[in-house]
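Here is the structure we will look at, set down as structure tokens.
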Amino acid sequence: MGKYDLYLKKQSDGSKSCTFCDKNFNKQKDGNTNVYLNHFKKFHIKVFQKIQGNSLARSEDEPPAKKSQPLIDECFSEFSENGPKSLAIQRAIAQLISSAALPLSLIEHPGFKNLLHLTVPRFRPKSRLQLTRNELPALYDEYRDKLKMSLASSEDVSVSFDGWTDSSQKHEYLALIVHFVEENKPAYRILEVVDVSAKSHTGEFLAEKMKSAIDFFGISTKIRCCVRDGAANARSASVEICDVNFDCLGHKLNLAAKAGTANFAGLDSLVLKLKKITKKIRMSSNLRREWEQIFEEMDAPTLVLKKHVETRWTSLYEALKRAIRVKEQLELFLQDQDNLEFITASEWKTCEAVLDMLQPLNDSIKLVQVCGNLEALQETEVQLQARSFSASSIIPVCRVILADLQTKKKHMTARTKIIEKLSEELEKYTNLKYLNIATLLDVRFKSGFVDSKWKDELLTMMLATITAAEEGDSDSDNDGVTDVSQSHSDPFSRFLQSSSSKISKVPLDKKSVLVGEHDRWISEHTDPNVDPIEYWSRQENQFAFPTLFSLQKKYFCTPATSVETERLFSTARTILTDNRKRLSAGNFSKLLFLQRNIPLMGY
């Protein structure tokens with residue numbers, strides 16, 4: 001077959017025509033093919049390139065190759081018990097149940113079986129017992145191995161952990177989360193969910209459970225920091241995991257906010273009333289219609305009251321803020337509700353006072369999240385796990401909140417409580433080298449937030465990147481200078497050797513380059529509108545500050561809070577419902593691991 005035959009159709013008279021446009025060609029003498037070549041070159045350029053060998057891929061104009069028809073036996077074997085289609089569908093069902101927090105009994109539900117019968121008649125799903133014993137463990141192992149391979153490519157990670165107990169006090173779990181930078185974005189994965197109900201939750205016991213997971217994933221030497229709550233056993237366990245660890249900023253801000261709001265008389269009664277109103281509207285369809293009708297009559301968009309969560313000061317702020325926003329509609333609604341208490345004028349004043357006091361906390365965190373974008377500030381709700389809320393934000397956020405609170409004159413007693421509590425925590429944070437260096441490497445906060453001694457420490461870290469070989473070369477370049485390290489028998493020489501500055505041994509040319517890089521970084525203006533991870537992903541910045549770029553990788557993998565573990569256990573309630581209390585600890589751990597990791601890692 002000639003190279004043109006694929007694109008030509010033979011006519012009964014011996015002539016040929018183009019397969020694509022039906023152009024007829026006269027019968028060529030002596031096998032001349034120039035007429036074909038010129039036609040394809042003019043009208044079907046991709047085919048021409050294919051013929052000339054310039055394109056290995058099938059062109060758009062090229063007719064698709066005919067596929068061979070599968071044999072009957074092959075068609076039926078695809079849906080056999082271990083056929084490829086059956087295995088793929090069974091895996092997809094296990095993924096659906098795990099990621100959507102559906103009950104395991106779904107596999108045997110008549111409605112689900114009917115759906116499968118209509119869509120894939122030849123597929124026969126496995127039983128619930130097979131799903132529990134075989135499919136779920138296999139899927140769990142598959143995603144654990146995927147995560148292990150993914151973490152193998154990460155040089156720097158951090159971990160956070162927290163514990164959770166269900167309402168029945170029968171189920172107790174420890175969640176361990178790993179944080180890292182992936183494709184220039186902060187990422188996290190659920191590393192392990194461990195049943196810890198067997199023993200007392202001592203620091204040693206918790207550390208033992210976490211070390212087992214850390215060793216399996218091979219990240220023990222990659223952990224740069226550990227974020228945890230302030231409990232004694234958590235502090236003890238974190239020391240066993242990593243030398244660098246600190247209290248979750250979210251917990252500390254919540255304690256500070258509670259200390260301040262406790263001084264407002266009438267706040268507890270106001271919060272209790274709002275909770276009851278919110279619950280009634282959500283539970284009653286009649287009340288919900290009445291609520292929505294009020295907004296329609298006032299020609300305003302319908303807004304619902306927000307629920308306050310006791311452990312989050314941000315939820316208190318948002319709940320009170322929403323109440324103020326719908327104050328007029330709320331008062332009209334309560335006029336017709338005999339079983340709901342009316343909110344008094346003094347309680348509304350308390351609401352406004354609390355919002356005014358918490359405003360500095362809210363604005364500071366939101367401004368970090370939107371990277372200084374003041375326009376977005378008004379539309380953003382506080383989320384303590386926003387992309388830019390890394391550990392480098394902790395010291396600046398605390399300093400800004402304290403400065404703002406100290407300038408206000410209202411609510412002196414309440415503000416003083418917050419200032420005292422937050423100042424105590426800030427002192428702990430500022431004593432950590434890790435957080436200070438992280439702040440210096442953040443383009444938003446490198447000036448004005450840390451003491452000058454940490455700038456010198458950053459320079460020392462940069463100079464320490466010079467290899468021992470380069471340090472040895474510096475000795476040979478210092479003509480006329482006696483090396484005291486060669487007189488090993490002289491105790492004075494040994495003393496001088498041990499106490500001599502590392503900086504003096506650095507080659508002067510390399511030292512001057514690093515000092516220049518350090519000084520340029522410190523002297524250049526800050527940019528509050530740039531995400532730090534995005535900043536360091538730009539090649540021009542990596543080229544301008546190569547040593548700092550190599551150092552920063554250890555710091556922006558760490559979040560400021562351990563809020564992801566709290567979010568994890570918030571979703572745990574969708575798995576461990578009142579109707580599923582017989583769910584085993586092992587299956588619960590697997591389901592919770594898969595529920596969060598499958599959407600993050602892909603199907």
Side-chain angles (χ1 to χ4, degrees), residues 160 162 227-232 234-235 238 245-268 270-271 306 308-321 350-369 380-386 389-432 435-436 438-439 445 449-450 558-567:
S160 61
D162 205 351
V227 187
R228 34 80 179 161
D229 63 25
R235 290 197 301 268
S238 63
N245 55 86
F246 60 84
D247 292 348
C248 164
L249 177 63
H251 291 160
K252 297 307 175 184
L253 289 178
N254 191 60
L255 292 175
K258 275 190 172 183
T261 56
N263 290 272
F264 286 93
L267 178 61
D268 291 341
L270 170 63
V271 170
K306 293 193 174 184
H308 168 49
V309 180
E310 193 68 27
T311 57
R312 302 174 191 166
W313 71 268
T314 54
S315 71
L316 173 63
Y317 180 87
E318 295 297 337
L320 296 181
K321 184 179 178 181
T350 299
C351 181
E352 293 173 352
V354 172
L355 286 174
D356 181 64
M357 187 196 66
L358 294 179
Q359 190 74 37
L361 283 76
N362 181 75
D363 287 351
S364 298
I365 294 176
K366 283 169 61 176
L367 199 58
V368 170
Q369 293 172 4
T380 305
E381 290 188 9
V382 169
Q383 297 290 338
L384 291 178
Q385 190 61 21
F389 206 56
S390 61
S392 62
S393 308
I394 292 178
I395 293 176
V397 163
C398 291
R399 290 195 185 281
V400 169
I401 291 174
L402 288 172
D404 204 352
L405 286 172
Q406 289 166 351
T407 59
K408 291 183 176 292
K409 297 181 180 179
K410 296 181 180 179
H411 326 300
M412 180 64 71
T413 303
R415 282 191 302 105
T416 301
K417 292 293 184 181
I418 296 181
I419 291 172
E420 290 177 354
K421 185 63 179 176
L422 201 55
S423 297
E424 179 184 338
E425 300 305 328
L426 177 60
E427 184 178 358
K428 298 176 184 177
Y429 288 137
T430 52
N431 288 330
L432 289 174
L435 294 182
N436 284 281
T439 305
F445 309 126
F449 289 99
V450 300
T558 304
T561 72
S562 61
V563 72
E564 280 301 342
T565 55
E566 296 178 10
R567 290 178 178 173

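It should be emphasised that the depicted structure is a prediction, and the values quoted were computed from it without experimental measurement.
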In short, Phe246 meets Pro559 closest at the heavy-atom pair CZ-O, 3.6 Å
In short, Ser562 meets Val227 closest at the heavy-atom pair N-CG1, 4.0 Å
Hits for side chain to side chain donor-acceptor pair (under 3.5 Å) against Glu425, two or more places apart or cross-chain, chain-then-number order -> none
Do side-chain atoms of Asp404 reach the backbone of Pro360 as a donor and acceptor pair under 3.5 angstrom? no
Across all chains, not counting sequence neighbours, the side-chain contact (heavy atoms from CB on, under 4.5 Å) partners of Glu352 are Ile324
Checklist line | Any side-chain heavy-atom pair of Asp363 and Ile401 under 4.5 Å | finding: no
For residues 414-423, dump all side-chain donor-acceptor pairs below 3.5 Å to protein atoms at least two apart in sequence or in another chain.
| residue | atom | partner | partner atom | Å |
| --- | --- | --- | --- | --- |
| Arg415 | NE | Lys410 | O | 2.5 |
| Arg415 | NH1 | Leu405 | O | 2.5 |
| Arg415 | NH1 | Lys408 | O | 3.0 |
| Arg415 | NH2 | Lys408 | O | 2.6 |
| Thr416 | OG1 | Met412 | O | 2.7 |
| Ser423 | OG | Ile419 | O | 2.6 |

Between Phe264 and Ala353, the two heavy atoms sitting closest are CE2-CB, 3.6 Å
Sorted by chain and residue number, the ring-ring contact (aromatic ring centres under 6.0 Å, His included) partners of Tyr429 (sequence neighbours excluded) come out as none
Sequence neighbours excluded, the answer for side chain to side chain donor-acceptor pair (under 3.5 Å) partners of Asn263 is none
Across all chains, not counting sequence neighbours, the side-chain contact (heavy atoms from CB on, under 4.5 Å) partners of Asn436 are Ile395, Val450, Trp454
Those residues at least two apart in sequence (or on a different chain) that pass side chain to side chain donor-acceptor pair (under 3.5 Å) with Asp356 are His411
Sorted by chain and residue number, the side chain to side chain donor-acceptor pair (under 3.5 Å) partners of Ser315 (sequence neighbours excluded) come out as His308
Shortest non-hydrogen pair, Thr561 vs Gly250, comes out as CG2-N, 3.6 Å
Contacts of Ala231 meeting side-chain contact (heavy atoms from CB on, under 4.5 Å) (sequence neighbours excluded), chain-then-number -> Asp229, Asn233, Ala234
Discussion item. Just so I know, are the side chains of Lys321 and Leu355 near enough to count as touching, which here means a heavy-atom distance under 4.5 Å?
Written reply: yes
